[in-house]
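What follows is a short report on a single structure.
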Amino acid sequence: MNFTDELVQWYLANKRDLPWRNTTDAYTIWLSEIILQQTRVEQGLPYFNRFVEKYPTVSDFAAAHEDEVLKLWQGLGYYSRGRNMLKTAQLVQQMYNGVFPESYDDLIKLKGIGEYTAAAISSFSSNEARAVVDGNVYRVLARYFGIYEAINSSTGKKTFQSLATNLLNKQNAALHNQAMMEFGAMLCKPKNPGCGICPVNVGCAAFLNNATTALPVKLKTVKVRERFFNYFLVTDGNTVLMNKRGDKDIWANMYDLPMVETPEMLPAHELAKLPEVTAMFGNELNITEDTSVIKHILTHQRLFVRMVKTTNTPLILKENWAFIPVDSLHELALPKVIFILIKNIFNL
DNA sequence: AAGCCGGGGAC
DNA sequence: GTCCCAGGCTT
């Protein structure tokens with residue numbers, strides 16, 4: 001048996017039972033694929049189930065409001081996925097009359113669908129002969145064929161996509177793709193791969209050369225920026241002043257609190273006198289509580305976040321500010337760290 | 001081509 | 001701490 005046939009045999013004997021594998025409905029598969037971008041199966045699974053229940057068809061999804069989608073997406077990260085899904089659902093409703101496209105060429109044009117996702121949806125829904133290349137496939141191919149080209153260079157991407165396409169079983173694209181990814185996720189793992197029980201170890205360049213830890217090769221480490229967020233809790237117990245974020249920075253269109261960003265974390269008494277703060281509240285801030293600083297890690301940023309409670313109220317409400325009834329707080333999509341800051345105060 | 005976009009789990 | 005996850009969009 002050749003390499004890919006071995007992996008298919010391994011897959012049939014070892015595959016997990018995952019809900020999106022029991023359908024060929026392009027809409028349902030699309031839901032799963034977007035949710036699973038840069039996301040582990042175990043983390044995405046409960047979100048998939050909630051989305052399928054709330055939006056059984058793409059028409060149901062298209063009728064949703066963005067706040068509602070982001071709320072359902074809360075905690076999953078990379079929120080542009082949720083925002084793009086709504087746009088795509090609305091476009092499919094209008095342009096395709098609610099019938100989700102199945103062809104790669106149609107799918108690749110949609111917001112939030114790139115090469116990987118178009119290949120995944122087209123092959124899983126209609127068995128179109130398109131090879132998926134995700135993180136798992138990069139790793140499996142780099143190791144088995146001993147490819148030291150960086151998987152995140154533009155030439156490397158072409159090399160791996162070309163190799164994956166050549167290897168594709170064009171009669172059984174769906175099964176082939178599932179097998180490649182599941183093998184990478186379950187056995188040919190980033191750390192401690194199961195080489196001892198691997199069905200293709202005798203042909204694996206990395207195994208034979210003791211190079212599994214060196215492959216795949218990936219370029220550069222991301223630069224991490226440090227930021228200091230000072231949030232203000234303005235509440236009378238019945239309502240709380242919330243801010244809807246813009247669409248440029250992190251957590252686009254989600255909700256947090258009024259805040260100032262500082263170049264470093266200041267003691268409360270210095271924060272209270274900051275010109276930016278006194279301008280906002282009319283005079284020196286009266287701080288009644290100050291949380292300990294929470295360190296919150298994102299891919300490109302290390303956030304240091306604190307929240308101060310104040311008896312002051314702002315002079316004027318900025319455009320994106322509103323006093324929200326505490327009873328309605330649970331409807332707002334909150335970034336993880338905001339949820340942590342206020343969950344105990346308002347019983348969220 | 002490089003930078004940006006979350007949160008969590010394994011080690 | 002570091003790495004990476006069924007990646008894609010913007011500049």
Side-chain angles (χ1 to χ4, degrees), chain A residues 11 15-16 18-21 29-48 70 73-85 87-88 107-124 130-140 150-158 160-161 164 174 177-186 188-193 213-214 216-225 227 245 247-254 295-303 333-340:
Chain A
Y11 172 74
K15 65 176 178 175
R16 292 168 289 183
L18 301 173
W20 46 84
R21 288 186 179 150
I29 293 167
W30 168 71
L31 281 180
S32 73
E33 290 301 337
I34 304 298
I35 287 171
L36 291 173
Q37 286 171 1
Q38 293 293 288
T39 304
R40 294 168 195 277
V41 165
E42 312 84 68
Q43 188 187 2
L45 188 51
Y47 286 84
F48 171 80
L70 288 175
W73 201 272
Q74 178 176 302
L76 197 54
Y78 285 158
Y79 297 94
S80 66
R81 292 181 289 171
R83 290 183 280 119
N84 284 335
M85 280 183 103
K87 292 174 190 166
T88 287
L107 290 163
I108 195 73
K109 297 172 185 166
L110 301 175
K111 263 195 194 325
I113 298 183
E115 285 187 44
Y116 161 77
T117 305
I121 299 174
S122 62
S123 65
F124 297 153
R130 298 281 183 171
V132 295
V133 183
D134 73 336
N136 293 306
V137 175
Y138 278 122
R139 187 169 56 253
V140 170
I151 62 173
N152 56 344
S153 67
S154 47
T155 59
K157 287 177 188 172
K158 288 176 185 168
F160 283 93
Q161 182 68 59
N177 283 336
Q178 292 284 8
M180 295 286 292
M181 291 195 286
E182 186 79 334
F183 178 76
M186 303 293 290
C188 195
K189 296 178 292 184
K191 295 187 176 176
N192 303 324
T213 57
V217 174
K218 202 169 180 178
L219 290 178
K220 80 179 191 280
T221 56
V222 295
K223 277 186 287 187
V224 178
R225 179 163 61 122
R227 301 175 73 180
R245 297 179 59 82
D247 52 9
K248 299 298 182 192
D249 204 350
I250 55 173
W251 307 322
N253 297 3
M254 298 177 73
K295 188 170 161 186
H296 189 71
I297 309 293
L298 307 180
T299 303
H300 292 258
Q301 303 183 22
R302 288 203 314 192
L303 305 181
L334 308 175
K336 191 69 174 182
V337 70
I338 302 300
F339 181 76
I340 291 171

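Reminder, nothing fancy here: chain letters follow the sequence lines and each chain counts from 1. This is a predicted model, so every value here is computed, not measured. Any value given below was found using the heavy atoms of this structure, including those in side chains, with hydrogens, waters and symmetry copies removed.
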What heavy-atom pair brings A:Ala118 and A:Leu107 nearest, and what distance separates the two atoms?
O-CD1, 3.8 Å
Show the nearest heavy-atom pair for residues A:Ile151 and A:Pro216, with the distance to one decimal.
CG2-CB, 3.7 Å
Are A:Tyr79 and A:Trp251 an aromatic pair by the rule of ring centers under 6.0 Å?
no
Heavy-atom count around A:Glu115 CD within 6.0 Å, excluding the residue itself: above 12?
no
Carefully, step by step, assess A:Met85 and A:Trp30 under the rule side chain to side chain contact (heavy atoms under 4.5 Å, CB included).
CA-CA 9 Å; A:Met85 280 183 103; A:Trp30 168 71; 3.7 Å; yes
Using the side chain to side chain contact (heavy atoms under 4.5 Å, CB included) rule, take A:Phe48 and A:Leu36 through it: C-alpha gap first, then chi angles, then the decisive distance, then the call.
CA-CA 9 Å; A:Phe48 171 80; A:Leu36 291 173; over 6 Å; no
Applying a 4.0 Å non-hydrogen cut-off, can you work out what A:Lys109 is touching in the nucleic acid: base, sugar-phosphate, or nothing?
nothing
How would you label the contact of A:Ser32 with the nucleic acid (heavy atoms, under 4.0 Å): base, sugar-phosphate, or nothing?
nothing
Per-nt protein contacts along nucleotides 4-11 of chain B (heavy atom under 4.0 Å; B base, S backbone sugar-phosphate only, - none) come out as BBBBBB-S
Taking NZ, NE, NH1 and NH2 as the nitrogens, is one of them in A:Arg227 or A:Asp249 under 4.0 Å from a carboxylate oxygen of the other?
yes
Salt bridge or not for A:Glu33 and A:Arg81, using N-O below 4.0 Å?
no
Boundaries of the chain A footprint along DNA chain C (any atom under 4.0 Å from a heavy atom)
C:dG1 to C:dC9
Residue whose nearest DNA chain C nucleotide is more 5′ - A:Gly112 or A:Leu36:
A:Leu36
By nearest-heavy-atom nucleotide on DNA chain C, the more 5' of A:Asn84 and A:Glu33 is A:Glu33
Between [N] and [M], how far is it from one [atom1] atom to the other, in whole Å?
N: B:dG8; M: C:dG8; atom1: P; value: 22 Å
N: C:dC3; M: B:dG6; atom1: C1'; value: 15 Å
N: C:dC4; M: B:dC5; atom1: C1'; value: 16 Å

